[in-house]
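Let me begin by presenting the structure, written as structure tokens, before commenting on it.
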Amino acid sequence: MAEKNYYDILGISKDASPDEIKSAYRKLAKKYHPDINKEPGASDKFKEINEAYECLSDPTKKSNYDQYGNANGPQGFGGFDGSAGFGGFSDLGDIFGNIFGGFGNSRERRNMSSKGEDLQVQITISFEEAVFGAKKDITISRIENCSKCNGTGAKNGTEYSTCSDCHGTGQVRYQENSLFGRVIRQGPCKTCNGTGRIIKEKCSECNGNGYKKVNTTISFNIPAGIDNNQVLTMPGKGNCGKRGGQDGDLHIIIKIKPHKILVRDGYDLNLKLYLPFYTLLLGGEVEIPLAKGTTTLKIPELTQSNTIFKLKGKGIKYLDRELYGNLLVTVIAETPKSLSKSDKKALEEIKNSIKPDSFTRYKNYKKDLDSLN
Ligand SMILES: [Zn+2]
Ligand SMILES: [Zn+2]
């Protein structure tokens, strides 16, 4: 388990919605922001809040955290997630951008742009694809910059003029009285909607928006060993950013169809194998399934019911290394549902011929039972 409980830090329940997570974070971030809160410990608390939000606001990290108690998932799994989690800090930018904005030069331009939204899709793959890996294509609907107008929204990408109110910056400054006294604020220019451009003639392809929804096919690899509910993140494959902002990410949630017979447990496979009781007594060979193909399992004579046979390395390959889990076969004696007269007669004969002393566990049970009285 994680040392810190991110849900407790943000004061929310485990099933809080993304909106609830965001709003809890905003409240706390404002309360403990080092520029506002000068109490000792506030800055540590602020860091902790950001850490919690960075994890819980990112579907990949949240899913890992819920499953494995840390944002990176099982060891090495972090390799898939190429997106560094600065979600918390860019959000902070838009909270404090309004209060503190307008003072830093570098922030001015950045305030105009916005990161594209992350997209989330779910795909179901077969058991074999999860075990051995696969190449997949999915078609998603994402917002992309309009190529016809180069994202300007103006016909041919040229039919616009520079906004005279903001001189093309998309931002205007104004004075306002606030909690902190009189401040100079900066906000998007209303004349041009923060784009810095006045469109003379709209691009017909995107109706002047500069971006449009497009169905696009994305190819990706499923790594061998992936487990149910794990998330693959493809940086930059979400919706496109606006006004030069970063593109969002695409999160692919993996669902795996169960195998008909084998049950997966991490990298191990389990098989509950019911065998006719005489096979356990006399021994024999049985065919058992592997992740791919089958193999023969030798049952020695006088095998007890519930014996587990461990087939080393016949499980699933680890995601991050050349190591395989095991196949664990539990054999269980099955007794017939019905017996013929001659079956019964034969069994009676066996019953009479086997010495009661050979059932050591039953013998010990009787002894213990007697000692109770
Ligand atoms: Zn266009
Ligand atoms: Zn303007």
Side-chain angles (χ1 to χ4, degrees), residues 26 83 86-87 89-121 137-220 234-252:
R26 285 178 169 237
S83 67
F86 291 108
F89 295 107
S90 68
D91 258 5
L92 205 62
D94 68 61
I95 298 173
F96 294 103
N98 284 333
I99 301 174
F100 300 105
F103 298 116
N105 285 331
S106 64
R107 167 148 279 161
E108 293 179 18
R109 283 218 144 250
R110 245 190 300 152
N111 274 347
M112 293 164 53
S113 66
S114 60
K115 187 179 185 249
E117 297 87 11
D118 286 0
L119 296 174
Q120 201 165 306
V121 290
D137 288 330
I138 39 163
T139 300
I140 57 160
S141 171
R142 73 184 286 259
I143 294 171
E144 288 181 2
N145 265 317
C146 175
S147 53
K148 213 160 177 192
C149 63
N150 239 330
T152 59
K155 190 181 174 187
N156 302 324
T158 53
E159 295 303 304
Y160 66 85
S161 57
T162 302
C163 173
S164 55
D165 283 6
C166 63
H167 308 287
T169 64
Q171 297 276 297
V172 285
R173 289 170 176 234
Y174 52 93
Q175 278 191 8
E176 204 174 275
N177 294 320
S178 81
L179 217 63
F180 304 98
R182 204 174 202 203
V183 291
I184 296 175
R185 288 198 182 220
Q186 182 163 308
C189 168
K190 290 192 177 77
T191 316
C192 62
N193 252 330
T195 63
R197 291 184 291 264
I198 303 291
I199 292 172
K200 287 191 258 177
E201 198 174 338
K202 279 182 187 175
C203 165
S204 56
E205 187 71 21
C206 62
N207 199 28
N209 289 317
Y211 46 84
K212 55 180 183 161
K213 223 167 196 180
V214 182
N215 283 336
T216 175
T217 300
I218 288 173
S219 302
F220 62 99
M234 305 194 69
K237 299 289 186 192
N239 285 340
C240 75
K242 308 258 168 76
R243 294 184 288 281
Q246 214 187 331
D247 292 345
D249 301 334
L250 173 64
H251 304 287
I252 304 166

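Each ligand, and each atom within it, is numbered from 1 in the order the structure gives. Since the model is a prediction, treat every value here as computed from it, not as a measurement.
- With the Zn ion (ligand 1) as the vertex, atom SG of Cys206 and atom SG of Cys146 span an angle of 110° (nearest 10 degrees).
- Counting only distance, with no hydrogens or angles, the side chain of Arg185 and the backbone of Tyr174 share no donor-acceptor pair below 3.5 Å.
- With the Zn ion (ligand 1) as vertex, Cys149 SG and Cys203 SG subtend 110°, rounded to 10°.
- Here Cys163 contributes SG and Cys192 contributes SG, and at the Zn ion (ligand 2) these two atoms make an angle of 120°, given to 10°.
- At least one donor-acceptor pair closer than 3.5 Å links the side chain of Asn239 to the backbone N or O of Ile143.
- From Ile218, atom CD1 reaches atom CG of Leu250 across 5.0 Å, with rounding to the nearest 0.5 Å.
- The nearest N, O or S atom of His167 is not closer to the Zn ion (ligand 2) than 2.8 Å.
- Distance alone, capped at 3.5 Å, is enough to place a donor-acceptor pair between the Asp249 side chain and the Gly236 backbone.
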